[in-house]
Amino acid sequence: MPGPSVDVVVVTYNPGDTITSFLQSAVGAEGVASVTVVDNASSDDVAQRAAAWADVSFVQTGRNAGYGGGANIGALQGSAAWILVSNADIVLEPGAVAALLAVAESDETIGAVGPRVQEIDGTTYPSARPLPTLMLGAGHALLGRAWPRNPWTRRYRLNLHPLGGEVDAGWLSGSCFLVRRSAWEKLGGFDERYFMFFEDVDLGRRLGAAGFRQVWTPRAVVTHLGGHSYRSDPAPMLKAHHDSARLYVASAYPRWWQAPVRAVVAAGLTARERAEVAAARRRLSTPAD
């Protein structure tokens, strides 16, 4: 393999101890040219201290720029041919970066590669999916929790087998993925209108429209430790998710004659957001047995 050709960008916001675990797995990994920690105005200096301890670059945005905004800032710090963007609550298993790079460089039409994201219990997170059409997205959103085996949710899940081969996807989870720098720069990186959620779906849509493949591979494995940033009130996170969903629909279906569809979807998302916030708060207020 040629020399290091991956700039690693990790975005933090009150990351807790997870940032240390991430840096331990990233610094010195085969293929890594640089590591940059981008902190979105955390309430403490944990990320800065972790970056200093690991002797890697640290950028303080001075504001909560969102995941996409933080990643865009971090990507400007390097010049390697590939950029690995990651959440702080990820551990790169040995050989993960080299495996991602091997797949990425096997075909010049590949724009992004995603690893197998495993949960702590070893199960595989569905980190690669087809692009959500209106019918597919609506069916999954409305029925996914109450009826997990509904036909829309099943079609929205690709067969990501740990012992299988590479799978082409419509989009890859932004929690950890490798992206070709030339493609990233051509598209302007993440769309920063997405504060959090759907920035990865939108990037996948634009990569595909530009002619780039997006590939999931089980040869590269990362472990998801579980987030630290959001613990108590679910409302802000649920609002951000539904705001981003509305923005994605507006971006993917922008024509004037699609306005009625946008209005119906927006109304449905608003109703779903209110129901999910109420349900989550009920769960939080219910005493544990």
Looking at [X] and [Y], would you say the former's side chain and the latter's main chain have a donor-acceptor pair under 3.5 Å?
| X | Y | result |
| --- | --- | --- |
| Glu199 | Tyr67 | no |
| Asp7 | Ser79 | yes |
| Ser86 | Cys176 | no |
| Gln214 | Gly204 | yes |
| Trp171 | Ala128 | no |
| Gln77 | Ile73 | yes |
| Asp121 | Thr123 | yes |
| Arg206 | Leu187 | yes |
| Asp200 | Gly174 | yes |
| Asn14 | Ser43 | yes |

Problem set entry | Candidate pair Leu101 and Trp82, rule side-chain contact (heavy atoms from CB on, under 4.5 Å), full reasoning | CA-CA 8 Å; Leu101 197 54; Trp82 295 89; 3.5 Å; yes

[X] side chain near [Y] side chain, heavy-atom distance below 4.5 Å:
| X | Y | value |
| --- | --- | --- |
| Val85 | Phe177 | yes |
| Leu203 | Val201 | no |
| Leu160 | Trp216 | yes |
| Val27 | Val32 | no |
| Tyr13 | Thr61 | no |
| Val117 | Ser175 | yes |
| Leu158 | Pro130 | yes |
| Phe22 | Val91 | no |

[X] with [Y], same ILVMFWY side-chain cluster at under 4.5 Å:
| X | Y | answer |
| --- | --- | --- |
| Leu84 | Trp184 | no |
| Ile83 | Val35 | no |
| Phe190 | Phe195 | no |
| Val97 | Leu23 | yes |
| Val8 | Val113 | yes |

How long is the span from the [atom1] atom in [X] to the [atom2] atom in [Y], to the nearest 0.5 Å?
| X | Y | atom1 | atom2 | answer |
| --- | --- | --- | --- | --- |
| Arg129 | Leu172 | CZ | CG | 12.0 Å |
| Tyr248 | Arg205 | OH | CZ | 5.5 Å |
| Arg49 | Ile19 | CZ | CD1 | 12.0 Å |
| Gln48 | Asp39 | CD | CG | 8.0 Å |
| Trp53 | Gln24 | CH2 | CD | 4.0 Å |
| Ser251 | Asp191 | OG | CG | 6.5 Å |

Which atom names give the shortest non-hydrogen contact between [X] and [Y], and what distance separates them?
| X | Y | result |
| --- | --- | --- |
| Gly226 | Asp89 | C-OD2, 3.2 Å |
| Val11 | Gly70 | CG2-C, 3.8 Å |
| Ala112 | Leu207 | CB-CD1, 4.1 Å |
| Leu100 | Gly114 | CD2-C, 3.8 Å |
| Ala220 | Ala96 | CB-O, 3.4 Å |
| Val46 | Gly16 | CG1-O, 3.4 Å |

Problem set entry | Test item: side-chain donor near acceptor, Thr223 and Glu93, under 3.5 Å |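 Result is yes, a qualifying pair exists.
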
Exercise. Will you find, in the side chains of Asp44 and Ser42, an N or O donor that is under 3.5 Å from an N or O acceptor?
Worked result: no

Exercise. Does the distance from a Lys or Arg side-chain N to an Asp or Glu carboxylate O, for Glu166 and Arg219, drop under 4.0 Å?
Worked result: yes

Problem set entry | Stepwise side-chain contact (heavy atoms from CB on, under 4.5 Å) check, Asn72 with Glu192 | CA-CA 8 Å; Asn72 287 348; Glu192 296 183 20; 2.9 Å; yes

For this session: Could you work out the complete set of other residues in the hydrophobic cluster of Val221, with links drawn between I, L, V, M, F, W and Y side chains under 4.5 Å apart?
Result: none

For this session: Check the pair Val56 / Thr36 against side-chain contact (heavy atoms from CB on, under 4.5 Å), numbers first and verdict last.
Result: CA-CA 6 Å; Val56 301; Thr36 299; over 6 Å; no

Exercise. side-chain contact (heavy atoms from CB on, under 4.5 Å) between Val9 and Val38: does it pass, once the steps are laid out?
Worked result: CA-CA 7 Å; Val9 175; Val38 180; 4.2 Å; yes

